[in-house]
Amino acid sequence: MTLLTVWPDTGPGTVVLRTADPAEIAVELQRLGVRYEQWPVLPGVTAANALDAYRDRVDRVTGTEGYVLVDAMEMTPSDDPGWRETAAGSRARFLAEHTHDDDEDRFFARGAGVFYLHVRDRVHAVLCEAGDLLSVPANTTHWFDMGTRPDYVSIRFFHDDEGWVGNFTGSDIARSFPTFDQLMAGHRAS
């Protein structure tokens, strides 16, 4: 189940909002210009078949938003030491606060990840799970955490052929807030 947690950007000691209600999450995110939708979860989706499995919805998003590149990405845990190194490198790259020159749309077909949106002196952590589509507007300061053992399939939408290009802020704010693993552990316990 999706979870939204909001703190002041001065630290996570004070929770301003914590909700798992999809309607409340959508309203709160809409105030930030962030689109949040829930799509049906389909069984057996992998990076190889995700675009076909969600073709109608992918076509709707690309048609209305003008995306020119759409791909599917998969991280599946493995005991292979090379996988651990790859996962740690990917996680470190996305954990740094950054912006994009265009919107960042992600749909989680399987698994989970957390988008942290740093907007108006607040940090909004959106724990996305299978079935969640999140559209982060261009130039919104944010970071993403896939956890220490990433396990997800996501569909990514881009406005140009370059794909993912981050403009890093140099801030270390991400180190001050609970990680994916901490949020997920607390969410499962509640």
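Closest approach of Tyr116 and Pro178 over heavy atoms only: OH-O, 2.6 Å. Closest of all the heavy-atom pairs between Gly11 and Phe177 is C-CE2, 3.8 Å. When all heavy atoms are compared, the tightest approach of Ala112 to Leu127 is CB-CD1, 4.5 Å. When all heavy atoms of Ala50 and Ala72 are compared, the pair lying nearest together is CB-CB, 4.0 Å. Heavy-atom minimum distance, Pro137 versus Gly33: CG-O, 3.0 Å.
Aromatic ring orientation, Phe144 versus Phe115: tilted (interplanar angle from 30° to 60°).
Few gaps surround CD on Gln182; more than 12 heavy atoms of other groups in view lie less than 6.0 Å from it. Annotation for Arg175: atom CZ does not count as buried by contact number, only 12 or fewer foreign heavy atoms lying within 6.0 Å.
Less than 6.0 angstrom separates the ring centroid of Phe107 from the ring centroid of Trp39. Taking the six-membered ring where the residue is Trp, the centroids of His142 and His100 are separated by under 6.0 Å.
A donor and an acceptor atom, one from each side chain of Glu24 and Thr19, are located under 3.5 Å apart. Side-chain contact of Tyr36 with Ser135: a donor-acceptor pair under 3.5 Å is absent, judged by distance alone. Asn139 and Thr99 are not linked by any side-chain donor-acceptor pair at a separation below 3.5 angstrom, with hydrogens and angles left out of the test.
Taken from OG1 in Thr141 to NE2 in His118, the straight-line distance is 7.0 Å, to the nearest 0.5 Å. Residue Ser171 holds its OG atom at 9.0 Å from CG of Asp9, rounded to the nearest 0.5 Å. The distance from the CZ atom of Arg57 to the CD1 atom of Ile155 is 11.0 Å, given to the nearest 0.5 Å. One distance of note links NE2 of His124 with CZ of Arg31; it measures 9.0 Å at 0.5 Å rounding.
Under the 4.0 Å criterion applied to side-chain N and carboxylate O atoms, Arg84 and Asp79 are assigned as salt-bridge partners. Salt bridge status for Arg156 with Asp105: absent, with no side-chain N to carboxylate O gap under 4.0 Å. Taking a cutoff of 4.0 Å between a charged side-chain nitrogen and a carboxylate oxygen, Arg122 and Glu28 do not qualify as a salt bridge. A salt bridge between Arg60 and Asp56 is absent, with no side-chain N of the basic residue lying under 4.0 Å from a carboxylate O of the acidic one. Salt bridge present: Arg110 and Glu74 bring a charged side-chain N and a carboxylate O closer than 4.0 Å.
Under the 4.5 Å side-chain heavy-atom criterion for grouping Ile, Leu, Val, Met, Phe, Trp and Tyr, Phe180 is connected to Leu95 within one hydrophobic cluster. Both Phe94 and Trp83 belong to a common hydrophobic cluster when Ile, Leu, Val, Met, Phe, Trp and Tyr are linked at side-chain heavy-atom distances under 4.5 angstrom. Under the 4.5 Å side-chain heavy-atom criterion for grouping Ile, Leu, Val, Met, Phe, Trp and Tyr, Val153 is connected to Val58 within one hydrophobic cluster. Leu51 is not connected to Val68 by any chain of hydrophobic side-chain contacts under 4.5 Å among Ile, Leu, Val, Met, Phe, Trp and Tyr, and they are in different clusters. Leu3 and Val41 fall into different hydrophobic clusters, where Ile, Leu, Val, Met, Phe, Trp and Tyr are joined by side-chain heavy atoms under 4.5 Å apart, directly or via other members.
Residues that satisfy the ring pair (Phe, Tyr, Trp, His ring centres under 6.0 Å) test with Tyr67, not counting sequence neighbours, are Phe157, His159.
Taking 4.5 Å as the limit, every side-chain heavy atom of Arg91 sits out of range of all side-chain heavy atoms of Arg149. No side-chain heavy atom of Cys128 sits under 4.5 Å from any side-chain heavy atom of Arg106. Two residues are said to be in side-chain contact when any heavy atoms from C-beta on lie closer than 4.5 Å; Leu29 and Ile25 meet this criterion. Annotation: side chain of Leu117 is in contact with side chain of Val126 (closest heavy-atom distance under 4.5 Å). Between Leu4 and Arg18 the shortest side-chain heavy-atom distance does not fall below 4.5 Å. The shortest distance between side-chain heavy atoms of Val16 and Pro8 falls below 4.5 Å. In this structure, Glu129 and Phe108 have side chains that are not in contact, with every pair of non-hydrogen atoms separated by 4.5 Å or more. A heavy-atom distance below 4.5 Å is found between the side chains of Thr140 and Val119.
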- Task: List the steps and the verdict of side-chain contact (heavy atoms from CB on, under 4.5 Å) for Gln38 and Asp132.
- Result: CA-CA 5 Å; Gln38 289 188 309; Asp132 290 339; 3.3 Å; yes
- Apply side-chain contact (heavy atoms from CB on, under 4.5 Å) to the pair Val15 and Thr5, showing each step before the final yes or no. CA-CA 7 Å; Val15 173; Thr5 308; 4.1 Å; yes
- Decide side-chain contact (heavy atoms from CB on, under 4.5 Å) for Tyr152 and Thr76; before the verdict, give the C-alpha distance in whole Å, the side-chain angles of both, and the deciding distance to 0.1 Å. CA-CA 7 Å; Tyr152 66 90; Thr76 302; over 6 Å; no
- Query: Do Leu134 and Val34 pass the side-chain contact (heavy atoms from CB on, under 4.5 Å) test, and can you show the C-alpha distance, the side-chain angles, and the key distance before you say yes or no?
  - Reply: CA-CA 7 Å; Leu134 194 70; Val34 175; 3.6 Å; yes
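A donor-acceptor pair under 3.5 Å links the side-chain atoms of Tyr54 to the main chain of Leu42, judged by distance alone. Under a 3.5 Å cut-off, the side chain of Asp145 and the backbone N or O of Val114 do not form any donor-acceptor pair. When atom types are taken as modelled, the side chain of Asp103 and the backbone of Ala138 share a donor-acceptor pair closer than 3.5 angstrom. Remark: the backbone N or O of Asn49 is not paired with any side-chain donor or acceptor of Asp52 at under 3.5 angstrom.
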